[in-house]
Structure formats: C-alpha cells, structure tokens
Amino acid sequence: MSKVYKPSPISGFPEYLPEIRRVEQQWIDHIRSVFESYGFCNIETPAVEEIEVLMAKGETDKEIYALSRLQADPKDKSDSRLALRFDQTVPLARYTAQHFNELVFPFKRYQIQKVWRGERPQIGREREFYQCDIDVLAVDNLPLHFDAEMPAVIYEALMGLDIGNIQIKISNRKILIGLLQTLEIKDVISTTRIIDKLDKIGEDGVRKSLSEEVGISEQNIDTLLKLSTIKTRDAAVLKTALSALNVESEVFNEGLEELCFVLDYLSFMPDGAMIADLSIVRGLDYYTGTVYETNLLDIPEFTSSVCSGGRYDDLASSYINKKLPGVGISIGLTRLFSVLLENGYIKPAAKSPADILMVLPSEDKRALAQQTAQQLRAKGYKVELYHAPQKIKKQMAYAEKKAIPFVWFPPFDDAQPHELKNMETGEQGAISVESLKL
RNA sequence: GCGGCUGUAGCUCAGUGGUAGAGCUCUCGGUUGUGGUCCGAGUGGUCGCGGGUUCAAGCCCCGUCAGUCGCCCCA
C-alpha cells in the first residue's frame with residue numbers, strides 16, 4: 001500500500017454529501033422560481049473582479065482573497081490585479097455600468113452565486129458561501145415601490161423553505177442620520193454600530209457604550225434610545241412616536257415619509273411578517289435609505305440576520321458618469337443552511353434523485369433493460385440502470401442504500417411480464433411502461 | 001487581528017506513565033431470482049507535527065500547525 005496524503009477538510013469551505021446537497025439545490029430552485037415570478041432576470045458575473053473595482057467604494061474591511069499563479073513569472077503582474085468577489089452588489093454595479101447601453105431600466109436582476117471572505121470561520125460564518133441577491137437599479141430615480149417589493153419577494157422565498165415563520169425588520173437610515181445631525185453627533189459610524197447591537201447587548205449595553213465610547217450626553221442617549229426602540233408595523237403609530245421627539249430635520253422627515261410609504265404598501269402582509277424596527281441601521285456600508293434585516297422566529301439557535309439589504313443612491317458612480325440608485329436584498333443561503341443543518345433542522349433527501357432502479361438480470365437482457373429505462377425516461381421518470389448483472393440481492397441493497405423508491409424487474413425470461421416493486425411497502429406486481437403511474 | 005477550549009480509526013468518542021480500544025459506518029459471508037432486521041468475519045490509526053523529560057510518553061513539559069467557540073465584523 002502506498003502512502004496516501006490525508007487531506008483535512010478546509011474550514012470555512014463547506015461541502016455536503018449528495019443527500020444534503022439535494023436539499024440545498026431544492027432551496028436554490030425554489031428561491032430562483034420566486035425571484036423569477038416577480039420578473040427578476042438572472043445574470044452571472046465572474047468569480048474575480050479587478051481589485052480596483054472591489055475597492056472602489058473606499059477601504060473595505062472585508063477580507064479579500066487575491067489571485068495569483070504559482071508558476072507566474074515574478075515580473076508578470078497580469079493576475080495580481082484580480083481578487084475574488086466578497087459580495088454581489090459591487091460586481092452588479094460594475095456590470096450595470098459596463099453594459100449600461102444594452103440593459104433595460106429599471107434593471108431587475110437576481111444572482112445566486114458564491115462569494116468569498118477570508119474571515120475567521122464559525123458556524124454560520126463560512127469563507128465560501130452562497131448569496132441570493134435581488135436588486136433593482138434605475139437611472140436617476142428609483143420609485144419607492146421597489147423598496148416595498150423587496151420584503152414581499154423575500155417573505156415568499158423564505159416561507160417556502162419550510163423553516164418556520166420569519167420576520168422582516170425594516171427601517172430607514174435617514175431617520176437616524178437626521179436625528180444625529182440635529183443632535184450634532186459627529187461620530188455617525190460608531191454611533192450607528194452601537195445602536196445596531198441593541199438586540200444583542202440590550203438598552204443598558206447601548207447606553208453604556210454610547211456614553212463611554214462616543215461620549216454622548218445622557219439626554220441625547222435618551223433621545224436615541226427612544227427612537228431606536230420603536231417597533232411597529234403601523235405607519236400612523238410610527239408618525240406619532242417620531243413626532244414626539246420634536247426633530248426639526250428635513251432628512252429625518254424624508255426618512256419618515258419613505259418608511260411610512262413602505263409600511264403602507266406592505267399592509268397586505270400577514271401579521272408578524274414585517275415590522276418597522278428603528279434599531280436596524282446596518283453598520284456602515286453604502287446604504288442611504290431603506291434598510292432590511294430578517295429573523296427566523298421559530299429557530300432559537302438562529303439569532304443573526306439571514307437576509308439583509310437596503311437602498312443605495314450611487315453605487316455605480318465610480319464606474320459610470322450617471323446616477324444609478326438601487327435597492328437590493330440578499331439571502332445568506334449558506335449561513336441559513338449551515339446553521340439549520342448543524343442544529344438538525346434539515347432532513348436529508350434521498351441519496352439519489354432516481355425514481356426507479358432498473359435491475360439488470362443478466363448480460364443477455366442488458367439491451368431490454370436499457371431500452372425500457374429509456375422509455376421510462378421519455379415519460380419523465382428518473383431511472384438508473386444497474387451497472388452489472390450481479391446478484392439480485394446486491395442490486396436491491398443498492399436501491400435501498402440510495403433510497404430509490406422503486407425497483408423495476410425486466411423479465412428474466414421471455415414468457416414473464418415486467419415487474420415493479422415498491423421498496424417502501426414491499427409490494428411487487430406486473431407492470432408495463434404504458435400503465436406506469438407513480 | 002485578539003482571547004478560551006480541543007487534536008486518538010471514515011464518524012462519535014473512551015483510554016490519567018507500562019502491548020492501541022469501543023460503538024456506528026464500510027467490505028465480505030449466512031447456497032435457488034428480492035433490500036431493510038438479525039448473526040458471523042474482515043478492512044481501517046506514525047495517537048496533528050517537531051523537540052524535550054523518563055528505563056518507558058497517546059498521557060507530563062516546550063514549541064508549532066490545525067480545528068472550534070467567543071470578541072471584532074458580517075450573509
């Protein structure tokens with residue numbers, strides 16, 4: 001026996017057995033069909049972008065994987081300007097700018113692809129993962145209706161995955177930004193970051209951090225907390241609560257109007273599916289208006305957002321001399337899937353997609369078995385032909401192990417009929433291609 | 001990037017200084033053309049790696065790498 005190299009799994013780069021991957025594929029199929037039902041069209045962009053493009057929005061703290069060739073001549077720099085994408089929004093902005101003249105606006109697209117981030121992996125934080133993005137980009141002006149459409153699409157997509165109830169939390173950054181301007185709080189990034197953690201560290205934690213880390217006065221903290229603890233799905237309630245703060249700010253009022261519009265538009269959604277939650281601000285990032293986060297209500301192990309996004313005013317301005325406002329949201333498919341898998345919420349599918357295993361009784365009957373399999377496939381069934389005329393016991397065990405629900409026996413001699421066996425019930429009887437109905 | 005914990009068979013783990021183990025998985029068998037259960041047999045390990053202490057190290061010490069959890073940040 002020769003020495004084998006024993007590879008270890010690469011942490012942060014998940015790979016699944018067929019029975020698990022099939023579930024992931026079903027999820028992707030479902031999400032895709034919901035996206036398409038709203039008219040989003042698909043694109044794929046390359047795994048790599050120019051580093052210049054990825055960094056265009058200023059310094060990003062996302063850990064980026066750069067590209068290099070092992071055999072590259074040190075003087076050859078042709079690949080060193082490339083890196084793996086860390087999200088799909090930046091490539092979308094580049095794509096839209098590049099194909100501007102050939103696209104129809106508003107440009108509604110979805111993208112289900114992998115992205116890469118070189119961060120320390122944990123459960124629910126991989127280094128290679130799928131994102132399922134929908135975005136709408138328009139020229140100059142993007143109607144607010146699209147801000148309202150995002151949660152509707154996402155609700156449908158996630159509810160179809162059989163993972164319990166979900167709640168989409170919506171806010172508008174302008175409200176908080178306006179308030180911060182009025183209160184003359186300069187350190188917007190730190191302040192929003194802390195407020196964003198309200199869920200995690202609680203009111204007292206936020207109070208402490210705002211006071212110690214940003215140096216905000218007691219009175220201003222009270223106001224900030226009064227704002228960020230507002231939760232309602234009723235636009236009128238929201239208006240009342242916010243006017244009680246007496247903020248004189250155009251930005252603030254604009255955010256309020258926008259958020260009310262979205263709430264009103266989504267009033268058809270079921271109870272609990274959607275809520276305005278003013279603690280949602282989404283850290284720093286490029287968002288300028290509406291922002292979203294999504295929680296799973298029935299999975300206690302899952303506390304972080306599975307799906308977030310928002311509106312951005314000018315993401316493409318680095319690549320084109322036009323104003324292309326957009327709004328988008330992204331399902332963190334791998335995060336969602338891997339956490340649920342880890343906690344036993346994912347029921348593995350059958351190890352094989354096949355409906356029927358075609359038994360191969362003997363080499364003489366191979367042509368018959370193959371032909372029968374082909375006829376069944378033409379009727380839309382998925383059929384695997386067993387590869388060798390081994391003992392029937394072996395062929396059955398194979399079907400059993402792969403969880404193929406039916407086994408088809410071609411006649412062992414010409415006088416006999418075809419037979420079909422239901423592996424679950426054990427029933428077996430004569431059958432013909434024409435009469436088959438599973 | 002910072003801190004805690006853990007590395008023994010494909011997987012889950014036991015083994016507290018004296019011959020490397022269990023369960024599950026996997027392969028084969030239990031005679032005619034039929035799976036699961038059951039029974040029997042077998043494969044599989046440089047105990048992460050390197051050094052040190054010791055007559056003797058999977059076990060103790062140092063280093064290192066990897067994994068994992070938390071923080072930062074995020075899908």
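Naming: A, B, ... by sequence-line order, numbering from 1 per chain. We use all heavy atoms of the structure for the numbers below, so side chains are in, but hydrogens, waters and symmetry mates are not. Model, not experiment: these values are computed from the prediction.
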When the C1' atoms of B/C28 and B/G67 are considered, how many whole Å apart are they?
36 Å
Nearest to side-chain heavy atoms of A/Lys394, which nucleotide of B/U34, B/C73, B/C28:
B/C28
Rounded to the nearest angstrom, tell me the gap between atom CG in A/Leu17 and atom P in B/U25.
15 Å
Using whole Å, report how far CD1 of A/Ile392 lies from C1' of B/U31.
15 Å
Which nucleotide, in any strand shown, forms a Watson-Crick or G-U wobble pair with B/U64, with both distances under 3.5 Å?
B/G48
If the P atom of B/G40 is compared with that of B/A22, how far apart are they to the nearest Å?
15 Å
Look at the side chain of A/Arg117 against the base of B/C74 and say whether a donor-acceptor pair falls under 3.5 Å; ignore hydrogens and angles.
no
What is the distance from CD of A/Glu126 to C1' of B/G67, rounded to the nearest Å?
13 Å
Hunt down the Watson-Crick or G-U wobble partner of B/G58, both distances under 3.5 Å, from any strand shown, or write none.
none
Kindly write out the residues that satisfy ring-ring contact (aromatic ring centres under 6.0 Å, His included) with A/Tyr16, not counting sequence neighbours, or none if the list is empty.
A/Phe337
Is any N or O donor-acceptor pair between the side chain of A/Arg193 and the base of B/C73 shorter than 3.5 Å?
no
Closest to the 5' end of RNA chain B, once A/Lys197 and A/Ser305 are matched to their nearest nucleotides, is A/Lys197
According to a strict under-4.0 Å criterion, is A/Lys200 in side-chain N/O contact with OP1 or OP2 of B/C73?
no
Please determine which of A/Arg94, A/Arg85, A/Arg81 meets the salt bridge (charged side-chain N to carboxylate O under 4.0 Å, His left out) test together with A/Glu49.
A/Arg94
Applying the Watson-Crick and G-U wobble criteria at under 3.5 Å, what pairs with B/G36? Answer none if nothing qualifies.
none
When the distance from CD1 of A/Ile356 to C1' of B/G35 is rounded to whole Å, what number comes out?
17 Å
Name every residue in residues 396-413 of chain A that has at least one heavy atom under 4.0 Å from any atom of RNA chain B, in order of residue number, or write none if there are no such residues.
A/Met396, A/Ala397, A/Glu400, A/Lys401, A/Phe409, A/Phe412
Matching residue for A/Ile356 among A/Leu385, A/Leu436, A/Val407 - test: side chain to side chain contact (heavy atoms under 4.5 Å, CB included):
A/Leu436
In whole Å, what separates the P atom of B/G3 from that of B/G45?
38 Å
Upstream residue (5' side of RNA chain B) when A/Gln131 and A/Ser11 are each assigned their closest nucleotide:
A/Ser11
Taking the side chain of A/Arg127 as its heavy atoms from C-beta onward, which of B/G29, B/G67, B/C72 lies nearest to it?
B/G67
Calculate the interatomic distance between A/Ile194 atom CD1 and B/C72 atom P; express it in whole Å.
11 Å
Provide the distance between the two C1' atoms, one in B/G44 and one in B/G23, to the nearest whole Å.
15 Å
Complementary nucleotide of B/U27, counting Watson-Crick and G-U pairs under 3.5 Å:
B/A41
Can you pull the salt bridge (Lys or Arg N to Asp or Glu O under 4.0 Å) pairs that have at least one residue in residues 25-36 of chain A, sequence neighbours excluded?
A/Arg32-A/Glu36
How far does the C1' atom of B/G1 sit from the matching atom of B/A57, given to the nearest Å?
36 Å
Roughly how far apart, to the nearest Å, are B/C24 and B/U64 at atom P?
41 Å
Kindly write out the residues that satisfy side-chain hydrogen bond (donor to acceptor under 3.5 Å, both in side chains) with A/Glu258, not counting sequence neighbours, or none if the list is empty.
A/Asn172, A/Lys174
Can you tell me if A/Ser304 touches the phosphate of B/C74, counting only side-chain N or O atoms and a distance under 4.0 Å to OP1 or OP2?
no
Would you be so kind as to tabulate the donor-acceptor pairs closer than 3.5 Å made by side chains of residues 142-151 of chain A, with sequence neighbours excluded?
unit_1: A/Asp147; atom_1: OD1; unit_2: A/Arg311; atom_2: NE; d: 3.1
unit_1: A/Asp147; atom_1: OD1; unit_2: A/Arg311; atom_2: NH2; d: 2.7
unit_1: A/Asp147; atom_1: OD2; unit_2: A/Thr290; atom_2: OG1; d: 2.6
unit_1: A/Asp147; atom_1: OD2; unit_2: A/Arg311; atom_2: NE; d: 3.0
unit_1: A/Glu149; atom_1: OE1; unit_2: A/Lys108; atom_2: NZ; d: 3.1

Any side chain to side chain donor-acceptor pair (under 3.5 Å) involving residues 353-364 of chain A? Give me the pairs, sequence neighbours left out, ordered by first then second residue.
A/Glu363-A/Arg366
Span that lies between the C1' atom of B/C47 and that of B/A9, in whole angstrom
10 Å
B/C71 - base-pair partner by Watson-Crick or wobble geometry, distances under 3.5 Å:
B/G1
Write down the distance between CD (A/Glu427) and C1' (B/U34), rounded to a whole number of angstrom.
15 Å
Sugar-phosphate only, base, or nothing, as touched by A/Ser308 at under 4.0 Å among non-hydrogen atoms:
sugar-phosphate
Do A/Gln416 side-chain and B/G33 base share a donor-acceptor contact under 3.5 Å?
yes
Under 6.0 Å between ring centres, would you say that holds for A/Tyr110 and A/Phe40?
no
Out of B/G30, B/C72, B/G33, which has the shortest distance to the side chain of A/Glu419?
B/G33
Report yes or no: do A/Tyr398 and A/Lys394 form a side-chain donor-acceptor pair below 3.5 Å?
no
Could you check how far CG of A/Asp196 sits from P of B/C74, rounded to whole Å?
7 Å
For A/Glu419 and A/Gln428, does a side-chain donor sit closer than 3.5 Å to a side-chain acceptor?
yes
Would you kindly give the NZ-to-P distance between A/Lys391 and B/U27, to the nearest whole Å?
15 Å
Using the C1' atom as the point on both nucleotides, what is the distance between B/U46 and B/A20, in whole Å?
13 Å
Under 4.0 Å from OP1 or OP2 of B/U31: is there any side-chain N or O of A/Lys393 that close?
no
For the side chain of A/Gln395 and the base of B/U34, is some donor closer than 3.5 Å to an acceptor across the two?
no
